[in-house]
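In what follows, chains are A, B, ... by sequence order, proteins preceding strands, each numbered from 1. Note that these values count all heavy atoms, side chains included, but never hydrogens, waters or copies made by symmetry.
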Amino acid sequence: MSSLAVEQLGFQYVQAKSDALRGITFEVPSSSITAIVGANGAGKSTLCYALAGFIPHFFKGNMRGAVRVNGMDSKQTPLAQLVTQVGLAFQNPFNQISGAKLTVSEEIAFGLENLGVPRAEMETRIARALELFGLEQVAHQSPYALSGGQQQRLALASIFVMEPPVMVLDEPTSQLDPQGTREVMAAIQTLAAQGRTIVLVEHKLEWIAELATRVLVLHHGELVAQGAPREILQCADEWGLNETRYARAARMARERGLVAKDVLLPQTLEQATNFFRV
Amino acid sequence: MIFIFDFFQPHHSHGTSNFKNSNPKLNLQLSNLDFAYPNGTRALNDVSLEIRAGSRIAVIGQNGAGKTTLVKHLNGLLKPTRGDVLIGDWNTREHSIAQLARRVGFVFQNPDDQLFKTSVREEIAFGPTNLQVAAGELEARVARALELCGLQNVRDTHPYDLQLWQRRWVTIASVVAMQTPIVVLDEPTTGQDAFGLQRLADLLEQWEREHVTVIAVTHDLDFAVEQFPELLVMAQGQVIARGDARVLNDESVLKRAGLDAPQLVRLANALGWADAPVNVRAFVAHLAQSKNTD
Amino acid sequence: MTFMERMQKDFTTITLALIPVAIVINIVVGQVVALLKIPVYMDSVGTMLVAILSGPLAGAITGVLSNLIWGWVLPPPIGNPVAAAFWGTALVIGFQTGLFANWGWFKNKLPQSQAIAYVLGAGMLLTLLQLFLASPTFGSADFTPLALTGVVMGIVLTVITTFLTWRGTFPPLIVIGGVLLGIVSAIISAPVAAQVFGGATGAGTDLLVALFRYSGLDPLTSNLAQGLISDPFDKFVSYVAVWFIVRGLSKRLINQFPRGENVTDR
Amino acid sequence: MNQSFYLDRASGWHALHPLTKIAVAFALSVTAFCVRWDFISVALFVFVVIPFAVWGNIWRPVLRATFTVILPLAVSLALIQGFFFPGAQDVLFQIGPFALKREGLEFAFVTGTRLMLIAGAGLLVVYATHPADLALALVQAGAPYPLAYIIVTAIQLLPEMQARADGILKAQQARGLETTGSLRVRVSALLPLLAPLVYGALENVQERALALDARAFRAPRAKTSWRVLRDTLAQRALRWLLVMFSILLIVASVFVPLFIR
């Protein structure tokens with residue numbers, strides 16, 4: 001069963017000259033990691049906003065088509081209800097701190113307070129979120145005192161704790177160093193393993209090839225390809241994606257006739273090792 | 001009163017100000033550099049370094065290794081606790097940041113700490129205007145910066161109507177237009193797609209032709225080994241290795257720096273090759289060679 | 001549209017996120033300007049921004065909260081309990097600015113000749129007000145130096161804004177709005193200053209109050225006169241500053257605010 | 001990194017419910033306004049505010065802050081009222097055309113000490129109450145929920161803005177902006193420094209709003225709270241008494257001429 005269904009979605013921001021998205025149709029199966037890739041300006045963030053209901057409820061503009069979240073039409077459902085179904089986290093960890101809370105625990109509690117969750121239940125849920133995202137050590141620190149990677153994990157924890165079945169993550173690692181990226185990716189993997197549906201926008205293709213079950217490619221506001229990571233990322237270079245060095249080396253080797261023509265380009269270390277070993 | 005900008009407090013005047021704008025051969029000399037933040041954190045520990053004019057160096061290492069602290073010394077943003085930084089014949093202690101801006105251009109990580117004009121063009125013109133570049137030349141410099149950074153189509157756009165990655169290009173362009181003999185880039189690859197990385201590579205080529213010294217702090221090791229002939233590896237406030245991409249073949253260096261090897265190094269290791277190729281071309285050449293010998 | 005509907009439309013999340021930022025802008029800009037030792041306060045720029053972008057009610061609330069926080073939540077040296085007493089003035093600044101913005105005063109739509117006429121009119125009103133306050137009809141002492149200063153400042157501001165209007169970059173009605181708002185806020189502030197603080201607020205403007213007292217005016221009128229001299233200048237300059245800030249904001253952002261149309265379609 | 005005014009001390013005064021502390025400050029202020037005795041404010045300050053401040057172990061900052069606020073005010077007051085109090089007769093001494101009069105000084109004293117008391121009482125609350133607790137108490141007392149958000153966010157933003165201001169100063173200097181030297185140089189540096197600060201803060205507003213909505217900030221339900229405020233029956237009774245006392249005093253001062261100032 002699919003938790004997110006997008007039909008002929010289009011969007012134009014108010015006073016924008018052209019469409020940010022056009023004719024997008026796809027479904028996201030439950031308990032999977034779906035990656036969205038594309039060059040800068042391809043419409044990835046806009047799509048995330050639409051999936052989480054911020055289009056049409058937050059951004060002014062002209063929306064066409066429909067997004068269905070567990071069967072509910074996002075246009076007809078109030079945002080406060082949609083966010084309990086689809087959680088959204090985005091690039092800049094600093095701006096995701098509510099500002100209204102003084103410690104990491106309180107910050108995580110913020111969403112639960114808004115949903116009116118009783119304090120006793122909050123306690124267990126916050127404890128679980130702190131543990132899952134490795135924030136126990138800093139639970140009583142100010143959110144502003146954390147490192148970038150910790151702040152981003154706090155942002156994810158704050159969404160996770162509200163227990164939305166679907167989590168949309170818009171480039172959660174773009175501001176992070178490799179260490180921070182690894183931390184966040186590990187957390188995402190755990191979430192998927194626990195049955196959450198993840199939609200992930202990410203530039204680092206090696207991670208996508210490693211984690212994603214499906215990949216969607218956006219190009220100039222349109223959905224140009226979707227499918228399994230290794231197949232889809234074959235022509236990553238044509239869409240302005242940062243191809244892995246494995247794929248690039250393999251392509252060059254293929255052009256020089258050093259490897260077989262019919263084998264798919266490798267995207268991960270493991271695939272590459274097998275690819276070049278034969 | 002809050003001193004939101006500390007320049008309202010009394011300041012001593014900095015050095016003399018006889019500027020020579022064209023100073024093509026500026027070597028950087030860092031000697032016995034120590035730096036501790038006011039809260040006591042020791043960020044640099046006895047760093048001595050010489051960077052010759054026209055070098056292209058990537059500074060790599062984990063967060064907290066002292067990379068940004070180091071490069072912030074190169075244009076006087078930070079003044080050493082002990083030791084000296086010489087930019088050509090200028091000691092950074094004796095010159096204000098604004099004076100040093102004639103010699104060292106600095107691209108910051110967060111573009112929003114500096115953008116304030118209502119068009120990209122004006123924003124790029126701000127730096128050169130501060131350096132008293134004449135009107136005619138100013139136009140030419142801005143036009144050139146716009147072109148090199150791929151911003152011609154948005155020259156009259158409001159910087160905040162652009163995406164973050166584009167705003168980052170605006171700050172790069174504003175340094176390009178200052179035409180300093182030395183350029184420092186703090187995490188230039190953040191948020192860039194393949195087109196952006198290619199543009200960055202082209203810009204590095206352009207600077208190379210002009211003998212501009214380029215020092216970049218980056219987390220993107222794949223990019224660093226491909227685009228920078230020289231790497232400076234930092235850990236715990238010290239430079240632990242310096243050299244070309246082959247320094248990353250050394251397992252102990254990677255371990256001390258807490259870094260993952262670049263993809264090709266990892267692949268070469270997995271394939272059991274003795275030494276790792278620095279870029280895709282070298283990798284394929286090595287592959288071809290090994291196929292031939294088989 | 002009913003009041004409740006309007007409230008819901010104006011108090012979007014983005015408005016709520018803007019209000020604390022606006023309060024901090026009030027404080028930061030106010031402090032920096034205070035350091036420059038120029039005779040304006042400029043401590044309502046943030047309030048005015050909210051009023052323009054999110055409507056009069058949001059502006060009024062920002063004004064009140066700003067003064068209460070400045071007065072009672074932040075400690076000295078940043079905070080100053082004196083500010084809290086003037087919450088009423090802050091409320092009116094926010095509300096009035098919101099109304100002006102709704103009437104389209106922050107847009108630039110008038111034909112040039114008419115625009116220049118408005119600006120000249122407002123400038124003359126400001127200058128005449130200075131003259132009147134310094135004339136023997138009002139007080140009884142010799143106010144020549146004060147009158148001279150006021151008149152020169154009035155003329156300088158008139159010339160600058162007329163020039164900007166002539167160049168076509170300036171909405172002339174905000175100049176009138178600034179002067180009007182200054183008069184209104186002087187009228188509201190005077191009783192508070194006179195009754196609660198006995199006429200002194202510890203600021204540089206106390207010198208003016210003393211001057212009017214010396215001329216024989218009663219406490220309330222002295223404070224009123226002081227306000228009528230300082231406030232129109234202050235609001236006039238603040239409006240010009242706010243207008244430049246709004247002009248500098250990206251359209252993408254302005255469009256997200258409930259009353260973004262108050263400043264777009266220029 | 002956090003706001004600098006709340007002082008975390010383990011004292012009985014700190015432990016009181018925020019509304020209790022506010023009620024004390026309120027009753028003190030009302031008394032100062034309503035009771036007709038020239039030394040009422042001084043008496044309350046010495047016999048109530050200072051002991052409470054000592055109890056809370058915050059007497060040093062409370063006194064320091066009170067006098068930073070009051071001193072310039074008092075000087076202004078003494079000069080304006082001392083020399084220009086309407087209808088004053090009793091000349092103490094003469095400086096050129098100006099006469100310092102007793103009635104004026106008395107009025108300045110009463111007004112000045114009253115302001116001192118109000119400031120002191122307020123600071124007593126501010127230094128001993130965590131702003132988040134204050135906000136929570138207000139919301140639990142029926143104030144609209146976003147009020148808590150606005151108060152706490154505003155005070156957290158201020159140090160953030162100061163940190164950013166430093167980054168901006170450096171960034172613009174690195175683009176060759178001179179910020180030291182003559183007044184003209186400093187004034188012309190103001191725009192490149194203030195503008196990114198203001199624009200940056202404003203441009204972040206949209207993402208902050210997005211993050212708030214993503215956390216169901218506007219959900220139309222009864223909210224719960226993770227933070228817990230300690231309240232007791234005794235404190236509730238005390239608050240009620242203090243409020244009743246204040247109201248009585250106000251009413252009395254209107255009807256009983258003895259009380260009117």
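- Counting all heavy atoms, side chain and backbone alike, D/T224 lies closest to A/V117 at OG1-O, 2.6 Å.
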Subject >> Candidate pair D/E207 and A/N92, rule side chain to side chain contact (heavy atoms under 4.5 Å, CB included), full reasoning >> reply: CA-CA 9 Å; D/E207 277 202 354; A/N92 187 345; 3.5 Å; yes
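- Chain A forms the most heavy-atom pairs under 4.5 Å with one residue out of D/L212, D/D213, D/I151, and that residue is D/D213.
- A/A100 and D/Y149 make their closest contact through CB-CD1, 3.5 Å (heavy atoms, listed as atom of the first residue, atom of the second, distance).
- Nearest heavy atoms, D/A216 versus A/L115: CB-CD2, 3.7 Å.
- Residue A/L112 touches chain D through its backbone alone, counting heavy-atom pairs closer than 4.5 Å.
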**OP:** Decide yes or no on side chain to side chain contact (heavy atoms under 4.5 Å, CB included) for D/W226 and A/I126, but give the supporting numbers first.
**Re:** CA-CA 10 Å; D/W226 170 248; A/I126 291 171; 3.8 Å; yes
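- Of all the heavy atoms in D/P220 and A/A80, the pair that sits closest is CD-CB, 4.1 Å.
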Subject >> Residue pair A/F94, D/E160: steps toward the side chain to side chain contact (heavy atoms under 4.5 Å, CB included) verdict >> reply: CA-CA 11 Å; A/F94 185 75; D/E160 284 309 315; 3.4 Å; yes
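- The residue among A/Y49, A/F59, A/F110 with the most heavy atom pairs within less than 4.5 Å of chain D is A/F110.
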**OP:** Start with the C-alpha gap between A/R119 and D/V228, add the side-chain angles, then the distance that decides, and say whether side chain to side chain contact (heavy atoms under 4.5 Å, CB included) holds.
**Re:** CA-CA 9 Å; A/R119 197 175 185 284; D/V228 186; 3.2 Å; yes
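- Here the side chain of D/Q156 pairs no donor or acceptor atom with the backbone of A/L102 at under 3.5 angstrom.
- In this structure, D/F217 and A/V83 have side chains that are not in contact, with every pair of non-hydrogen atoms separated by 4.5 Å or more.
- A salt bridge is defined here as a Lys NZ or Arg NE, NH1 or NH2 lying under 4.0 Å from an Asp or Glu carboxylate O, and A/E113 with D/R215 fails to meet this definition.
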